[in-house]
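Data first, discussion second: the structure below is written as structure tokens.
The model shown is predicted, which means the values in this text are computed figures rather than measured ones.
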Amino acid sequence: MSFAHRYIGSPCLPTQEIYATHERVPDAPVAPTHFDKLWNLKFMFYVDDVGQGNAPFGIIPGSGVANREAFRRIFDDNQINILSMSDSRYQAMSNLCPPELDTAVVEITAPAGTLIVFDTDTSHRARPVEAGKERRILRGHCGPYAKYERVKKYSRQWWRGEKAYSRFDEIKDKILMRT
């Protein structure tokens, strides 16, 4: 997990959340093309082979820059320095990919044992499984903190991985969040 720590900075919770999922219901939504409202580094492990009908994980390469800007726009458009996770502006923020960009998704079909690591500012999705198919995965989320109640402008969650974070920055963030 030293990779996660180098990517996330200090502090880093390398296994703040772990999920095991088993998709097997045809045409049931798995995940539309989106980016995560709160930034993390995710690890996805294919338990079984994943082909086209097994709801392969897909990403839009290079989409992270525009998605970070979309998140930050809330601060500028509303002239705010702190955004609460309970704020209606946060709740209403669209993190879905525009339909015209959905055609740019690159699906990752791969054998069992494949590990995919991605920044959650990258647009990502999984289509429904096809009839008679299934998908089993393990997914781990690595992030700076286990829970956010608010994000302050220029804090680590606002920078979203574009700036290296040290222990000194961690102290600055703690002070920023008190104000």
Legend entry - Members besides I18 in its Ile/Leu/Val/Met/Phe/Trp/Tyr cluster (side-chain heavy atoms under 4.5 Å): none
Inter-residue atom distance [X].[atom1] - [Y].[atom2], 0.5 Å rounding:
X    : Y    : atom1 : atom2 : answer
R160 : S155 : CZ    : OG    : 10.0 Å
I137 : I116 : CD1   : CD1   : 8.5 Å
L41  : D121 : CG    : CG    : 11.0 Å
R68  : W39  : CZ    : CH2   : 9.5 Å

Inset, instruction - Check ring pair (Phe, Tyr, Trp, His ring centres under 6.0 Å) between Y46 and all other residues, then give those that pass, not counting sequence neighbours. - result: none
Inset, instruction - Could you list the residues that satisfy ring pair (Phe, Tyr, Trp, His ring centres under 6.0 Å) with H34, not counting sequence neighbours? - result: H124
Taking all heavy atoms of [X] and all of [Y], pick out the closest pair and write down the distance.
X    : Y    : result
A126 : A55  : CB-O, 3.9 Å
D49  : A112 : OD1-N, 2.7 Å
R156 : P144 : CZ-CB, 3.4 Å
C142 : N40  : O-OD1, 3.1 Å
P111 : T114 : O-OG1, 2.7 Å

Using the test side chain to side chain contact (heavy atoms under 4.5 Å, CB included), find all partners of [X] that sit at least two apart in sequence or belong to another chain.
X    : answer
N78  : I74, I80, R89
N67  : F35, S63, S123
P99  : none
E107 : Q52, P56, V105, R125, R127

hydrophobic_cluster_shared for [Y] and [X], side chain cutoff 4.5 Å:
X    : Y    : answer
Y148 : W159 : yes
L115 : I8   : yes
V65  : I60  : no
V50  : V117 : no

Legend entry - Summary of salt bridge (Lys or Arg N to Asp or Glu O under 4.0 Å) pairs that have at least one residue in residues 31-41, sequence neighbours excluded: D36-K42
Legend entry - Main-chain N/O of L38 paired with Q157 side-chain donor or acceptor, under 3.5 Å: no
Legend entry - Flag, side chain of N54 to backbone of G51, donor-acceptor distance under 3.5 Å: yes
Inset, instruction - Write out all pairs satisfying ring-ring contact (aromatic ring centres under 6.0 Å, His included) with one or both partners inside residues 76-99, taking only residues at least two apart or from two chains. - result: none
Inset, instruction - Give a yes or no on this: more than 12 heavy atoms of other residues, nucleotides or ligands lie within 6.0 Å of atom CD of E149. - result: no
Legend entry - Student check: side-chain heavy atoms of L83 and W158 closer than 4.5 Å: no
Legend entry - Side-chain heavy atoms of I82 within contact of F75, under 4.5 Å: no
Legend entry - Partners meeting salt bridge (Lys or Arg N to Asp or Glu O under 4.0 Å) with D48 (sequence neighbours left out): R136
Legend entry - Listed partners of R72 passing salt bridge (Lys or Arg N to Asp or Glu O under 4.0 Å), at least two apart: E162
Inset, instruction - Give a yes-or-no answer on whether the side chains of Y7 and D119 include a donor-acceptor pair shorter than 3.5 Å. - result: yes
Inset, instruction - Describe, in one word, how the ring planes of F118 and F57 are oriented to each other, choosing from parallel (under 30°), tilted (30 to 60°) and perpendicular (over 60°). - result: tilted
Per-pair distances, 0.1 Å, donor-acceptor, side chain in residues 19-27, under 3.5 Å, sequence neighbours excluded:
from: Y19; atom 1: OH; to: E17; atom 2: OE2; distance (Å): 3.3
from: H22; atom 1: ND1; to: R24; atom 2: NH1; distance (Å): 2.8
from: H22; atom 1: NE2; to: E134; atom 2: OE1; distance (Å): 2.5
from: E23; atom 1: OE1; to: R135; atom 2: NE; distance (Å): 3.0
from: E23; atom 1: OE1; to: R135; atom 2: NH2; distance (Å): 3.2

Inset, instruction - Could you check F3 against F43 for side-chain contact (heavy atoms from CB on, under 4.5 Å), going step by step and ending with a plain yes or no? - result: CA-CA 11 Å; F3 170 76; F43 294 77; 4.2 Å; yes
